[in-house]
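Notes for the one structure printed next.
Just so we're on the same page: letters track the sequence lines, and every chain starts at 1.
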Number of protein chains: 2
Amino acid sequence: MNSTESVSRPRGRPRRFDAEQGVATAQHLFHARGYDAVSIADVTEALGINPPSFYAAFGSKAGLYARVLDRYSATDALPFADLLRPDRPVAECLAALLEMAARQYVADPAATGCLVVEGTRCNDLEAREAARSLQAGAEVVIRTYIAARHPQEAQRVADFVGTAMAGLSAKARNGFEPDRLLAIARMAGRALMQELSGKTA
Amino acid sequence: MNSTESVSRPRGRPRRFDAEQGVATAQHLFHARGYDAVSIADVTEALGINPPSFYAAFGSKAGLYARVLDRYSATDALPFADLLRPDRPVAECLAALLEMAARQYVADPAATGCLVVEGTRCNDLEAREAARSLQAGAEVVIRTYIAARHPQEAQRVADFVGTAMAGLSAKARNGFEPDRLLAIARMAGRALMQELSGKTA
DNA sequence: CGCTTTCTGTACTATTCACTACAAAATACC
DNA sequence: GGTATTTTGTAGTGAATAGTACAGAAAGCG
């Protein structure tokens with residue numbers, strides 16, 4: 001693939017800023033303050049552009065948020081595929097997922113919690129639905145992974161994992177320290193071990 | 001006590017509405033939509049009054065919210081004192097607390113989740129601090145209750161309970177059905193039993 | 001060069017936000 | 001009745017919101 005080289009520039013006046021970098025900057029803003037608390041003026045100021053340039057590039061606030069969510073799932077989301085391994089006990093992998101979530105949710109003190117989980121609770125319908133759709137996809141992945149070896153418990157255990165992640169994200173945003181959050185995640189992990197013990201290795 | 005009879009009416013023009021009932025109506029609004037999504041105009045319209053009457057009675061939006069939180073803890077909050085019994089196993093009582101939380105968080109489909117937990121994440125500093133203060137008080141009650149018989153595990157287990165409640169509130173607001181939420185709470189309750197087993201009855 | 005296309009900056013729109021100035025109304029006290 | 005006191009309705013305040021109209025600038029294409 002061509003990494004930075006564009007084959008043929010478009011016709012008109014060139015854009016003064018890089019849209020991808022704008023999405024990255026916006027991601028930090030949304031993650032730090034939440035969707036509702038970020039205004040278009042905040043974004044245009046951070047990008048050093050004016051409103052018309054913003055709307056030409058992203059269409060709307062929700063449109064920008066959709067691109068932010070895409071970027072988040074591509075670069076910052078939890079690596080489900082790596083964590084949920086078929087060659088390891090299900091509970092062990094889910095526990096590792098929760099631990100990694102706890103670590104990631106406080107990795108950047110200026111942008112705590114999960115961008116997607118927090119996005120599902122914003123006050124804008126379009127942005128909320130976009131975040132919920134992404135969250136629903138992740139929960140399907142988790143439930144399907146569990147169901148392969150624990151079909152009976154899949155729904156309940158997947159719900160527990162999703163609720164634990166939501167709770168960890170909330171507590172991360174409430175200012176919990178990394179150690180404290182990790183201890184909670186480990187306790188939830190032990191609950192998973194107990195719940196799925198003795199059925200399949 | 002005098003229930004509805006006031007001994008001596010104040011001097012000036014009588015108020016056209018009942019402030020206590022206004023707080024109750026506002027509580028429903030805040031619980032249903034969240035603090036940020038409720039405007040003064042929403043409240044004045046719901047109470048059938050005009051802005052000056054509102055500000056004369058409640059001072060500000062955050063002032064009204066403080067009174068709503070007071071009313072919530074007095075009438076709708078979980079009955080910690082009844083649930084956390086000294087004559088029953090700690091884990092059993094905490095599990096009952098989580099089950100009751102799950103039930104209450106979806107009891108009214110138009111006002112899901114916990115008013116306090118959700119309030120800790122709003123975008124207004126004053127309202128957020130008020131909700132956090134109330135939440136902190138509840139978590140002290142829980143930790144103190146655990147510490148009486150399980151001092152070593154008190155902090156970690158209390159954090160787990162608080163995180164579970166935050167997660168349950170989040171999932172309630174995400175539209176989970178009562179049965180599903182209850183199953184999650186029961187699983188968290190089993191985790192508590194496991195964590196506190198064998199130390200004290 | 002001249003034309004088309006795209007973006008940019010200036011300056012706006014209309015709406016909503018929390019909150020208030022002010023004078024009239026409605027009561028208690030004398 | 002007269003006066004003091006408090007609440008009321010009308011009609012605003014200034015600030016912030018998301019989003020735009022428009023004309024000019026900057027590029028590619030012929």
Side-chain angles (χ1 to χ4, degrees), chain A residues 5-23 25-26 29-30 33-68 119 122-130, chain B residues 4-23 25-26 29-30 33-68 119 122-131:
Chain A
E5 190 75 22
S6 58
V7 183
S8 73
R9 308 247 329 259
R11 195 85 114 75
R13 177 177 179 172
R15 192 176 273 158
R16 228 200 55 196
F17 67 101
D18 180 28
E20 278 309 313
Q21 170 139 3
V23 172
T25 302
L29 278 178
F30 283 133
R33 303 188 210 165
Y35 182 85
D36 294 318
V38 175
S39 71
I40 302 288
D42 292 331
V43 176
T44 54
E45 187 184 4
L47 303 195
I49 62 177
N50 293 303
S53 298
F54 170 83
Y55 285 99
F58 306 112
S60 70
K61 186 181 175 183
L64 169 63
Y65 188 64
R67 292 188 59 171
V68 164
C122 79
N123 287 316
D124 180 85
L125 177 63
E126 190 177 348
R128 192 169 60 238
E129 291 299 321
Chain B
T4 56
E5 190 75 22
S6 55
V7 181
S8 74
R9 307 247 327 258
R11 196 85 114 76
R13 177 175 179 173
R15 194 176 272 161
R16 230 199 53 197
F17 68 101
D18 179 29
E20 279 309 313
Q21 170 139 2
V23 172
T25 303
L29 277 177
F30 283 133
R33 303 188 210 164
Y35 183 85
D36 295 319
V38 174
S39 70
I40 302 288
D42 291 331
V43 176
T44 55
E45 187 184 4
L47 303 195
I49 63 177
N50 293 303
S53 299
F54 170 83
Y55 284 98
F58 306 111
S60 69
K61 186 181 176 183
L64 170 63
Y65 187 63
R67 293 189 59 171
V68 164
C122 79
N123 288 317
D124 179 85
L125 176 63
E126 190 176 348
R128 191 169 61 236
E129 292 300 321

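One finds no side-chain N or O of B:Ser53 lying less than 4.0 angstrom from the OP1 or OP2 phosphate oxygen of D:dT7. For B:Asn50 and D:dT8, the shortest distance from a side-chain N or O to OP1 or OP2 is not below 4.0 Å. Distances shown here put every side-chain N or O of B:Arg11 at or beyond 4.0 Å from the OP1 or OP2 atom of D:dT6. Taking 4.0 angstrom as the limit, B:Tyr55 places none of its side-chain polar atoms (N or O) nearer than this to OP1 or OP2 of C:dT20. Contact check, B:Arg16 against D:dT7: no side-chain N or O comes under 4.0 Å of OP1 or OP2.
The distance from atom OH of B:Tyr35 to atom P of C:dC17 is 13 Å, rounded to the nearest whole Å. Note: CD1 (B:Ile49) to P (D:dG9) measures 9 Å, nearest angstrom. Regarding A:Leu64, its CG atom lies at a distance of 11 Å from the P atom of D:dG19, rounded to whole Å. Across the protein-nucleic acid pair, A:Phe17 atom CZ and C:dT6 atom C1' stand 12 Å apart, rounded to whole Å. In this structure, NZ of B:Lys61 is placed 15 Å from P of C:dT20, rounded to the nearest angstrom. Between the CG atom of A:Asp36 and the P atom of C:dC17 there is a distance of 13 Å, given to the nearest Å. Atom CZ in B:Phe54 sits roughly 15 Å away from atom P in D:dG9 (whole-Å rounding).
The shortest side-chain heavy-atom distance between B:Lys61 and B:Phe30 falls under the 4.5 Å cut-off.
The base of C:dT27 does not come close enough to the side chain of B:Arg13 for any donor and acceptor atom to sit less than 3.5 Å apart.
Nucleic acid contact class of A:Phe58 (heavy atoms, under 4.0 Å, all strands): none. Residue contacts for A:Pro10: at a heavy-atom cut-off of 4.0 Å it reaches the sugar-phosphate backbone alone, with no base atom in range. At the heavy-atom level, B:Pro14 lies under 4.0 Å from the strands shown only through sugar-phosphate atoms. Using a 4.0 Å heavy-atom cutoff across all strands shown, B:Val43 reaches no nucleic acid atom at all.
With distances taken from any side-chain atom of B:Ile40 to the nucleotides C:dA26, C:dT8, C:dC19, the minimum falls on C:dC19. Of all nucleotides listed (D:dT10, D:dT17, C:dT10), C:dT10 comes nearest to the side chain of A:Pro52. Considering only side-chain atoms of A:Ser39, the nucleotide from D:dT20, D:dT17, D:dT8 that sits closest is D:dT17.
Between A:Phe58 and A:Phe17, the ring-plane angle classifies as tilted under the 30° and 60° cut-offs.
Each of B:Gly48 and B:Gly12 lies near DNA chain D, and the nucleotide nearest B:Gly12 is the one positioned closer to the 5' end.
The closest donor-acceptor contact from the side chain of B:Tyr35 to the backbone of B:Ala62 lies under 3.5 Å. For B:Asp124 (side chain) and B:Glu126 (main-chain N/O), a donor-acceptor pair under 3.5 Å exists by modelled atom type. A:Thr44 places a side-chain N or O within 3.5 Å of a backbone atom of A:Ile40 that can act as its donor or acceptor partner.
Put simply, CG on A:Asn123 and CZ on A:Arg128 are 7.0 Å apart, with the number rounded to the nearest 0.5 Å.
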